[in-house]
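Take a look at the structure below.
Numbering of residues begins at 1 and proceeds along the displayed sequence.
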Amino acid sequence: MSRTINALDHLGTAAERVNASLSETSVVMEAFEQEIDRTKRAFEEIAEDVKVLEKGLSGGLKKAFDDVVFDGKNLSDALETIAQSMIKASYNAAVTPVTNHVGGLIAQGVGNFVQGVLPFGNSGGQGLFGGGAAPLTKSAANVVMNISTPDAASFSRSRSQIATQMNRALSYAQRNS
């Protein structure tokens, strides 16, 4: 009988060790899966960058062939066109992620600014947009604006257009509430 109890105690201890090992293994597997997901996203981003580069290079090659075949340019001019397109495509592929990131940061900053200026933020459901606007009340209106810009300077130049579009959207929402 005592032998059976000892065997059961050993079995219980072994089961506890297996459970602890499985628990540790699941933590390691979860971290591994997260790392695989991060790697997958990185490869997807690289693939998009390669597509941008490929598109630029293809356009340059087509232009060079067109120049030789249709415009009668010599081969050295065509090779110069190809070299220039390679440089431009490489530059665009390298700079686009940076400008997209900076544009995203600017858009986020504008979003934070607009959120502080627009009504309904912390005003108990009423607020003013600008000095002479009528008070607005909270309604079931959604306004979505997507802003894309090649660089920060063009975004800065288009601020008045963005504000005008926001005013139109808010006016439309107010009329329909």
Quiz item: Looking at CD of Glu44 and OG1 of Thr39, how far apart are the two atoms once the value is rounded to the nearest 0.5 Å?
Solution: 11.0 Å

Self-check item: Co-members of Phe70 in a cluster of I, L, V, M, F, W and Y side chains, linked at under 4.5 Å
Solution: Val69

Exercise. Tell me, please, which residues at least two apart from Glu24 pass side-chain contact (heavy atoms from CB on, under 4.5 Å).
Key: none

Practice problem: Enumerate the residue pairs fulfilling salt bridge (Lys or Arg N to Asp or Glu O under 4.0 Å) with a member in residues 26-38, sequence neighbours excluded, ordered by first and then second residue. | Solution: Glu35-Arg38

Quiz item: Among pairs that include at least one residue of residues 63-73, which meet salt bridge (Lys or Arg N to Asp or Glu O under 4.0 Å), considering only residues two or more places apart or in two chains?
Solution: Lys62-Asp66, Lys63-Asp67

Quiz item: Looking at Glu54 and Lys51, does any basic side-chain N land under 4.0 Å from a carboxylate oxygen?
Solution: no

Quiz item: Looking at residues at least two apart in the chain, or sitting in another chain, which of them share a side-chain contact (heavy atoms from CB on, under 4.5 Å) with Val95?
Solution: Tyr91, Thr99

Quiz prompt | Heavy-atom closest contact (Ala78 atom, Ala64 atom, distance) | solution = O-CB, 3.5 Å

Quiz item: Would Val18 and Val28 show up in the same hydrophobic cluster when neighbours are defined by side-chain heavy atoms closer than 4.5 Å?
Solution: no

Quiz prompt | Thr25 (side chain) donor-acceptor with Ser21 (main chain) under 3.5 angstrom | solution = yes

Quiz prompt | Closest contact, heavy atoms only, Ile82 versus Leu61 | solution = CD1-CD2, 3.6 Å

Self-check item: Pairs flagged by salt bridge (Lys or Arg N to Asp or Glu O under 4.0 Å) wherever residues 74-96 is involved - sequence neighbours left out
Solution: none

